[in-house]
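One-based numbering, in listed order, for ligands and for the atoms of each. If you're wondering where the values come from, they're calculated on a predicted model, not measured in any experiment. Nothing fancy with the numbering, it's 1 onward along the sequence.
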Amino acid sequence: METPGNLFVVAAPSGAGKSSLVKALLELDSHLGVSVSHTTRAPRGQEQDGREYHFVTPEAFQAMVDRGEFFEWAEVHGRRYGTSRVGIEARLMAGEDVILEIDWQGALQIKQIFPHAVLIFILPPSWQELEQRLKRRGEDQPEVIALRMANARTEVAQARHFDFVIINSLFETALFDLKTVVHSQRLKYAAQRRAKSQVFAALDIS
Ligand SMILES: Nc1nc2c(ncn2[C@@H]2O[C@H](COP(=O)(O)OP(=O)(O)O)[C@@H](O)[C@H]2O)c(=O)[nH]1
Ligand SMILES: Nc1ncnc2c1ncn2[C@@H]1O[C@H](COP(=O)(O)OP(=O)(O)O)[C@@H](O)[C@H]1O
């Protein structure tokens, strides 16, 4: 599906820094909107329903799956997460750029539907730093951290399917890298759309 708005997907192992980077980017880039996913996991810390996630019961999530209301959904760390069509389709068609913060399984599903989607994978600088960040964040129980660290080893292997990989070592550097990828891809697709409309006009194609 081709859309006037650009679609960016950011994935990373838990604790790599994707939420922090996307939040910081949204404060810098007023042309970018974020998609709020649905999840069956319980809210963490200061999370609010409708802000970080739409927190729903497993039954409500399954009903949405049955009604085909998700562009994509996946089971991640034993909970379900999904991107609703309502959340992004109208905004993309209206020309807004949208950023999804989803796991690698969802990213590959989105790429199937939106071939122009820009897939960006965030990597931690080391396993030790990843574990430190999860512990310092202080939002997950030790057994949850252990599960997420175990899953991270599978997740990082998927980086090779992504268009861009950013190492989140120094936060400001990673934010600059993310901002640069978004801006460069936005310019690339704008130039492609201009060229296409010029050719269509020259060949009198409607
Ligand atoms: N496929 C998919 N994954 C999602 C979605 N929303 C969040 N996720 C991913 O689910 C995983 C767990 O997210 P979360 O519980 O917030 O933990 P975090 O990774 O520590 O922030 C992360 O990899 C998220 O990117 C979604 O709508 N679809
Ligand atoms: N470059 C960085 N250096 C040090 N700490 C970081 C960096 N990026 C993020 N963090 C911290 O690491 C923890 C995990 O970041 P978060 O954005 O929640 O990761 P994710 O959304 O990928 O799970 C948070 O406490 C965050 O403040």
Checklist outcome for this item: When distances are taken from atom 14 (C) of ligand 2, the protein heavy atom at minimum range is G15 O, 3.6 Å
Item to check | Side-chain H-bond candidate by donor/acceptor type, T83 with E72, under 3.5 Å | outcome: yes
Checklist entry - Are R51 and E47 close enough for a salt bridge, meaning some N to O gap below 4.0 Å? => result no
Item to check | Atoms in ligand 2 flagged as close to R137, the criterion being non-hydrogen separation under 4.0 Å | outcome: 14 (C), 16 (P), 18 (O), 19 (O), 20 (P), 23 (O), 25 (O)
Next on the checklist: Within the structure provided, determine whether K179 and L32 are in side-chain contact (heavy-atom separation under 4.5 Å).
Outcome noted: no
Checklist entry - With a cut-off of 6.0 Å (strictly less than), are more than 12 heavy atoms of other residues, nucleotides or ligands near CD of Q128? => result no
Next on the checklist: Test your reading of the structure: does K18 have an N or O sitting under 3.5 Å from an N or O of ligand 2?
Outcome noted: yes
Item to check | G17-ligand 2 polar pair, N/O distance under 3.5 Å | outcome: yes
Item to check | Non-hydrogen atoms of V165 and A159 that approach each other most closely | outcome: CG2-O, 3.9 Å
Checklist entry - Quick one: does ligand 2 sit under 4.0 Å from the side chain of S19, the backbone, both or neither, non-hydrogen atoms only? => result both
Item to check | Value rounded to 0.5 Å, distance of CG in L178 from CG in L25 | outcome: 5.0 Å
Next on the checklist: Could you identify the single nearest non-hydrogen protein atom to atom 8 (N) of ligand 2 and state the distance to 0.1 Å?
Outcome noted: N168 ND2, 3.0 Å
Checklist entry - Which parts of the protein, at residue level, reach under 4.0 Å of ligand 1 through a heavy atom? => result A12, S14, K18, S19, S37, R41, R44, Y53, E72, A74, V76, H77, Y81, G82, T83, E101, I102, D103, G106, R137, R148
Checklist entry - Has F176 got more than 12 heavy atoms of other residues, nucleotides or ligands less than 6.0 Å from its CZ? => result no
Item to check | Protein heavy-atom partner closest to atom 17 (O) of ligand 2 - residue, atom, separation in Å | outcome: S20 OG, 2.6 Å
Item to check | Ligand-residue contact atoms, ligand 2 with F171, heavy atoms, under 4.0 Å | outcome: 1 (N), 8 (N)
Checklist entry - If you count the atoms of ligand 2 from 1 in the order shown, which ones are under 4.0 Å from a heavy atom of S14? => result 23 (O)
Checklist entry - Which protein heavy atom lies closest to atom 3 (N) of ligand 2, and at what distance to 0.1 Å? => result R133 NH2, 3.4 Å
Checklist entry - Near H31 NE2, under 6.0 Å, is it more than 12 heavy atoms from other residues, nucleotides or ligands? => result no
Next on the checklist: For K23, is there an ion pair with E52 - N to carboxylate O distance below 4.0 angstrom?
Outcome noted: no
Checklist entry - Side chains of L21 and F171: does their closest heavy-atom pair fall under 4.5 Å? => result yes
Next on the checklist: I need the contact type for A174 against ligand 2. Using non-hydrogen atoms and a strict under-4.0 Å cut-off, is it side chain, backbone, both or neither?
Outcome noted: neither
Checklist entry - So is A12 close enough to ligand 2, meaning a heavy atom under 4.0 angstrom away? => result no
Next on the checklist: Using a 4.0 Å cut-off to any heavy atom of S169, which atoms of ligand 2 qualify?
Outcome noted: 1 (N), 2 (C), 3 (N)
Next on the checklist: Applying the side chain to side chain donor-acceptor pair (under 3.5 Å) criterion to E101, which one of S35, S37, S19 satisfies it?
Outcome noted: S19
Item to check | Atoms of ligand 2, numbered as shown, that sit under 4.0 Å from any heavy atom of P13 | outcome: 22 (O)
Checklist entry - L7, W104: one ILVMFWY side-chain cluster at the under-4.5 Å cut-off? => result yes
Without placing hydrogens or testing angles, list every side-chain donor-acceptor pair under 3.5 Å for residues 106-125, not counting sequence neighbours.
unit_1, atom_1, unit_2, atom_2, d
Q109, NE2, W73, O, 3.2
Q109, NE2, Q105, O, 3.4
K111, NZ, P115, O, 3.3
K111, NZ, A117, O, 2.7
K111, NZ, D163, OD2, 3.0

